[in-house]
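Beneath this line is the structure, given in structure tokens, with notes to follow.
All of these numbers come straight from a predicted model, not from anything done at the bench. Whatever order the structure lists ligands and atoms in, that order sets their numbers, starting from 1.
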Amino acid sequence: MCGIVGYVGPKEAQPILIDCLKRLEYRGYDSAGIAIGGDEINVYKTEGEIAVLEAGMPQMPGVVGIAHTRWATQGRPTTENAHPFQGCEKGVAVVHNGIISNFMELRESLAGDGHNFSSETDTEVFAHLVEAELKEDSDLLETVRIALKRVEGTYAFAVVAPGRPEVVAARNESPLVIGVGNGENFLASDVTALLKYTNRIIYVQDGETVRITKDSVTIMDADGAEVKRAPERIAWSLEDAEKGGYPHFMLKEIFEQPAAIHDSFLGRIDAVEGDEPFLDGGSFSSVKIVACGTSYNAGLVGKYIIEELARVPVTVQISSEYRYSAAARENPLVVLITQSGETLDTIAAAREATKRGNRTLAIVNVTGSAITREVDHVIYTRAGPEIGVAATKTFVTQLVALYLLAIELGTMGRTLTAQAKRSIVGQLRNLPRSVQDVLNQAGTIEAMAQKYSGARDMFFIGRNLQYPIAMEGALKTKEISYIHGEGYPAGELKHGPLALLSKDTPVVAIVTNDRTYEKMIANISEVSARGSPVIAIADANDTEIIKYADDVIFLRETPSLFSPVPVIVALQLWAYHLAKARGCPIDKPRNIAKTVTVE
Ligand code: G6P
């Protein structure tokens, strides 16, 4: 995820672009840059936050420009990899949000034609593609459309070219809006960036290419036909807008999950097909997953996924415990999961694993974070910045990374046939849709959560893969709603916790359709017999469940290996609405922090 802005008008573009860009810093902040147009295009960019860019840049006169704040996905967060990119010095400049999945192929072909590249990024190839197509008398919008025909992936691009008082932009699955002003026009990744200047907004749609000049807006659809779309008036305050109109970052991040999941596997399916493996050979007898908090719960789900697909034994340990445990006689691949990449306990565990001579792999969201320098291999989850303290989209993308890793291990160990792999990859591709289905039910989940929001204690039960999801549901609930939530394997209730159940302790039971279904029904009957209300999460085609539960959240049936993903999204919404009904400070719960750098 990155933020882009563009401006054409009568005023100096530089201060306006920087001002707008600052409002997009929540989309990424590892490097930033600006390009100002005129007879030639001048670019200034740097590693670090927008404040670093602002402090270092020279005055750049001109009334046309684009700017970018980056959240690195392809290539490290360095000055060389910062946007904008130019096809040649002082030439066409491009900023991009998204991922060009066929960039290696394009890069090779352009290099063959004599183009030189200065960065590790996918975006740079687009600057060269436009440069290669642009002739003195050609139309920039048309040229961008021609260049886009060769691009696969997701994008919002903005482009400026020498001697042209216009910004051209295009969108495919990455957000892009036009701000319509008086004698000036704007482009941005979202409305937030522009509200100080205008509240008249046109939402650009997928497949569209647009041009803004100081007094015109042109929109072309994918077939090259002109589209007329009037601006909408936005009634948000600046603060609302930063959250994209959501009352909390957590809710916004919950709703970003279909896109985050999509981004996290985009271009990677080929990797697991063998072209670009995460691990380059080497042998290990087992996998040991080490993590804290929500990342630990992802690791627990990972155990089931890897054992199922790759038949490799997996143990999961809390980082602060691993460090002080004895090294057993084994040679595991140590997988460290951490969204921030800065959790000290997990970094210390990575060092300990290296000391023990084990190969290490980190699953991490923040590019260039501390842990990436401690391990042999990295899988980035590409969820974009997560601001709410309670992890949501970083958790589901950690699961995606674990599916991909399991597929690779299954392929290496020959436990997965090519046909089984194809079917699993197909199911993975369906995940954004099943998550969207859950989000469409947010209203129902809210009403149900309100009903139970007075509880002091709550149990969450599941079996098999859904047991760690019950733990994660309980963790989300306690972190943000301050209700004491306890996650249990359903079969363990009778070994203690049943003593605590009464009509005042609701039990959330994950009863999706898998081989543990009958056992789960027996468990919830035990619970009901103690008078506890049962809230079941079940498949949409389950007609029996209503006999056993007081309330049911129905989800579209998903193959059992993948159903943890939609189920956790339902539980995130559940925890969120419990917290909201109780008036809790959802994005910043008491006593806990997003990144924990103490042991
Ligand atoms: C803190 C956060 C949790 C997070 C945990 C691990 O406790 O509040 O939400 O799961 O750290 O963080 P990491 O960055 O290593 O995933």
Going by the order shown, which atoms of ligand 1 are within less than 4.0 Å of some heavy atom of [X]?
X: Thr343; result: 12 (O), 13 (P), 14 (O), 15 (O)
X: Cys292; result: 6 (C), 10 (O)
X: Ser295; result: 10 (O), 13 (P), 16 (O)
X: Thr294; result: 10 (O)
X: Val389; result: 9 (O)

(message) Classify the ring geometry of Trp71 against Tyr29: parallel below 30°, tilted from 30° to 60°, perpendicular beyond 60°.
(response) perpendicular
(message) I need the full list of salt bridge (charged side-chain N to carboxylate O under 4.0 Å, His left out) pairs touching residues 448-471, with sequence neighbours left out, sorted by first then second residue.
(response) Lys451-Asp551
(message) Taking the basic N atoms (NZ, or NE/NH1/NH2) and the acidic carboxylate oxygens, is any pair closer than 4.0 Å for Lys22 and Glu25?
(response) no
(request) Please identify each residue that fulfils salt bridge (Lys or Arg N to Asp or Glu O under 4.0 Å) with Asp539, with sequence neighbours left out. (result) none
(message) Quick one, Val565 and Thr558 - any side-chain contact, counting heavy atoms below 4.5 Å?
(response) no
(message) For a 4.5 angstrom cut-off between non-hydrogen side-chain atoms, does Val507 reach Ile524?
(response) no
(request) Indicate yes or no: does an N/O atom of Gln339 lie under 3.5 Å from an N/O atom of ligand 1? (result) yes
(request) State whether the shortest distance between N or O atoms of Gln398 and N or O atoms of ligand 1 falls below 3.5 angstrom. (result) no
